[in-house]
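For reference, the structure discussed in these notes is given below.
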Amino acid sequence: LGGTVVLMERWEAKEGVVLIDREKVTWMMGATPFLQDVTEAVEAGDGHCRSLEIFLCSGAPVPRPLLARANEVLRARVVSGWGMTEVGLATLTRIDDPPEKILHSDGRPLPGMGIRIVDAEDRPLPADMEGELQCRGPSVFAGYWRRPELTAASFASGEAAAEAGWLRTGDRARCDAEGYIRITGRSKDIIVRGGENIPVVEVEDLLHKHPAVLQAAIVAVPDPRFQERACAVIVARDGAAFDIGQMRSFLESARLARQYFPEHLLVLDALPMTPSGKVQKFLLRKMVLEIIGVADNEQ
């Protein structure tokens, strides 16, 4: 395109928005924390980012309240997509998609890519039913280096040609009748409380709407009776307070079914993150268990 690429050695939000304004940056890509950082830096008056036209947010589930807020504050078109290292970017919302699709989905497959939602036996599910997201296409990797057993386990079984090449992504999702997907969580992140699945992403999205909450994540803790319970872990905004009573009142006002309410709440200074902006939930679970232990009582 003959354009300029502006690179940063290390991400720092205030410097980032200054660079965007100085270099008249029109396009940016990053995971959820970077979108949040830019939005808050503009709100704080560190820059205006008026040149920014498109922000592609991918790499981790994007809280819908953040997406709506970023669209309003940045006046840029924020689009979201889904992908993984073994595939690359596989789905994307388009800038001319209806606003509800941009806000409430992770897009449609890119040209040449196929996606499907399946049950535990790799059987395709009807529209709007949650299951495992599988994909196939020219960008899907050939396999893990010298790990043939892991490679074989990563692809759906089946001898028919129609079954070949479908990669088990490990992500849970729904697909509507128009082909738009919505990531609902990781298969390993499913919390089964007393035989009922907790919609982790839905509850996290609700918590992000609370004015005191900067970041939110939900993980499972073992329970002797229900097998698992949910623990909400949040990072509060500067100077804000948030306790379990406030959380319950807020979720009740949002009309969330009571069986989905987290039984535990922890307020931390920060969540463990990867450099690309994903919450490291396996580390977060370990931290939670070390702090609250495996207890029957609510905390």
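In this text, all values refer to a predicted model and were calculated from it rather than measured experimentally.
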Q36 vs L214 side-chain heavy atoms within contact, under 4.5 Å = yes
Nearest heavy atoms of S58 and G81, plus distance in Å | OG-O, 3.2 Å
Say whether, by atom type as modelled, one donor and one acceptor occur between the side chain of E204 and the main chain of I218 under 3.5 angstrom.
-> yes
Say you draw a straight line from CE of M273 to OG1 of T32; how long is it, rounded to the nearest 0.5 Å?
-> 7.5 Å
Indicate the atoms forming the closest heavy-atom contact of Y260 with V203, along with that distance.
-> O-CG2, 4.0 Å
So F55 and L35, side-chain contact (heavy atoms from CB on, under 4.5 Å) or not? Walk me through it.
-> CA-CA 8 Å; F55 192 113; L35 177 62; 3.8 Å; yes
With sequence neighbours left out, the residues meeting ring pair (Phe, Tyr, Trp, His ring centres under 6.0 Å) with F261 are none
Candidate pair L268 and L284, rule side-chain contact (heavy atoms from CB on, under 4.5 Å), full reasoning | CA-CA 10 Å; L268 301 180; L284 188 59; 4.2 Å; yes
Of all heavy-atom pairs linking D21 and H48, the shortest is OD2-N, 3.0 Å
Could you state the interatomic distance from CE (M28) to SG (C57), rounded to the nearest 0.5 Å?
-> 9.5 Å
Would a 4.5 Å heavy-atom cut-off, applied to side chains only, mark V38 and C49 as touching?
-> yes
Among all residues two or more places apart in sequence or in another chain, which pass the ring pair (Phe, Tyr, Trp, His ring centres under 6.0 Å) test with Y180?
-> none
Test item: E228 side-chain N/O and V192 main-chain N/O as donor-acceptor pair under 3.5 Å = yes
K286 side, atom NZ; L283 side, atom CG - distance, nearest 0.5 Å | 7.5 Å
Is there a side-chain contact between T184 and P199, using heavy atoms and a 4.5 Å cut-off?
-> no
ILVMFWY network linking V18 to L52, side-chain heavy atoms under 4.5 angstrom | no
Hey, which of T169, L89, L92 is the one that makes side-chain contact (heavy atoms from CB on, under 4.5 Å) with W82?
-> T169
Please indicate whether Q259 has more than 12 foreign heavy atoms, meaning atoms of other residues, nucleotides or ligands, lying under 6.0 Å from its CD.
-> yes
Residues passing the ring pair (Phe, Tyr, Trp, His ring centres under 6.0 Å) test with W11, sequence neighbours excluded, are F34
Do V42 and V6 belong together in a cluster built from hydrophobic side chains that touch within less than 4.5 Å?
-> yes
Carboxylate-amine/guanidinium contact E202 R174, below 4.0 Å | no
Can you list the residues that meet the ring pair (Phe, Tyr, Trp, His ring centres under 6.0 Å) rule with H210, with sequence neighbours excluded?
-> F242, F250
Measure from the side-chain N and O atoms of E12 to the backbone N and O of K14, and report whether any donor-acceptor pair falls under 3.5 Å.
-> yes
May I ask you to decide if S80's main-chain N or O and T93's side chain share a donor-acceptor pair within less than 3.5 Å?
-> yes
Between R108 and E178, is there a donor-acceptor pair closer than 3.5 Å when you use the side chain of the first and the backbone of the second?
-> no
Just wondering, more than 12 heavy atoms not from E100 lying within 6.0 Å of its CD?
-> yes
Just wondering, are more than 12 heavy atoms of other shown residues or ligands nearer than 6.0 Å to NZ in K209?
-> no
When clusters are formed by joining ILVMFWY residues with side-chain heavy atoms under 4.5 Å apart, either directly or through shared neighbours, do V5 and M8 land in the same one?
-> no
Should I181 and V118 be regarded as members of a common hydrophobic cluster, given that ILVMFWY residues are connected when their side-chain heavy atoms come within less than 4.5 Å of each other, either directly or indirectly?
-> no
Verify the cluster assignment for V235 and V279: are they in a single hydrophobic cluster under the rule of side-chain heavy atoms below 4.5 Å apart?
-> yes
State the CD1-CG distance between I95 and L56, to the nearest 0.5 angstrom.
-> 11.5 Å
Which value, rounded to the nearest 0.5 Å, describes the distance between M129 atom CE and I117 atom CD1?
-> 11.0 Å
Heavy-atom closest pair (T91 atom, D106 atom, distance to 0.1 Å) is OG1-O, 2.7 Å
Pairwise distance CG(L74) to CD1(I54) - rounded to 0.5 angstrom = 13.0 Å
Taking N71 for its side chain and A68 for its backbone only, find out whether a donor-acceptor pair lies under 3.5 Å.
-> no
Side-chain heavy-atom pair L207, L251 within 4.5 angstrom cut-off | yes
Per-pair distances, 0.1 Å, donor-acceptor, side chain in residues 138-146, under 3.5 Å, sequence neighbours excluded:
{"from": "S139", "atom 1": "OG", "to": "V87", "atom 2": "O", "distance (Å)": "2.8"}
{"from": "Y144", "atom 1": "OH", "to": "E86", "atom 2": "OE2", "distance (Å)": "2.6"}

Show your working on side-chain contact (heavy atoms from CB on, under 4.5 Å) between I244 and M247 and close with a plain yes or no.
-> CA-CA 5 Å; I244 197 164; M247 179 184 73; 3.8 Å; yes
Check for a donor-acceptor pair, side chain of D119 on one end and backbone N or O of L125 on the other, with a separation under 3.5 Å.
-> no
Heavy atoms only: give me the nearest A217-K281 pair and the separation to one decimal.
-> CB-CE, 4.3 Å
Please walk me through it: do R193 and D223 pass salt bridge (Lys or Arg N to Asp or Glu O under 4.0 Å)?
-> CA-CA 9 Å; R193 180 188 183 276; D223 181 83; over 6 Å; no
Tell me the salt bridge (charged side-chain N to carboxylate O under 4.0 Å, His left out) pairs involving residues 29-57, sequence neighbours left out?
-> E40-R69, E40-R237, E43-R69
Nearest atoms (heavy-atom pairs only) where V201 meets I183 = CG1-O, 4.0 Å
Step by step, work out the side-chain contact (heavy atoms from CB on, under 4.5 Å) result for V78 and I102.
-> CA-CA 8 Å; V78 182; I102 293 177; 5.7 Å; no
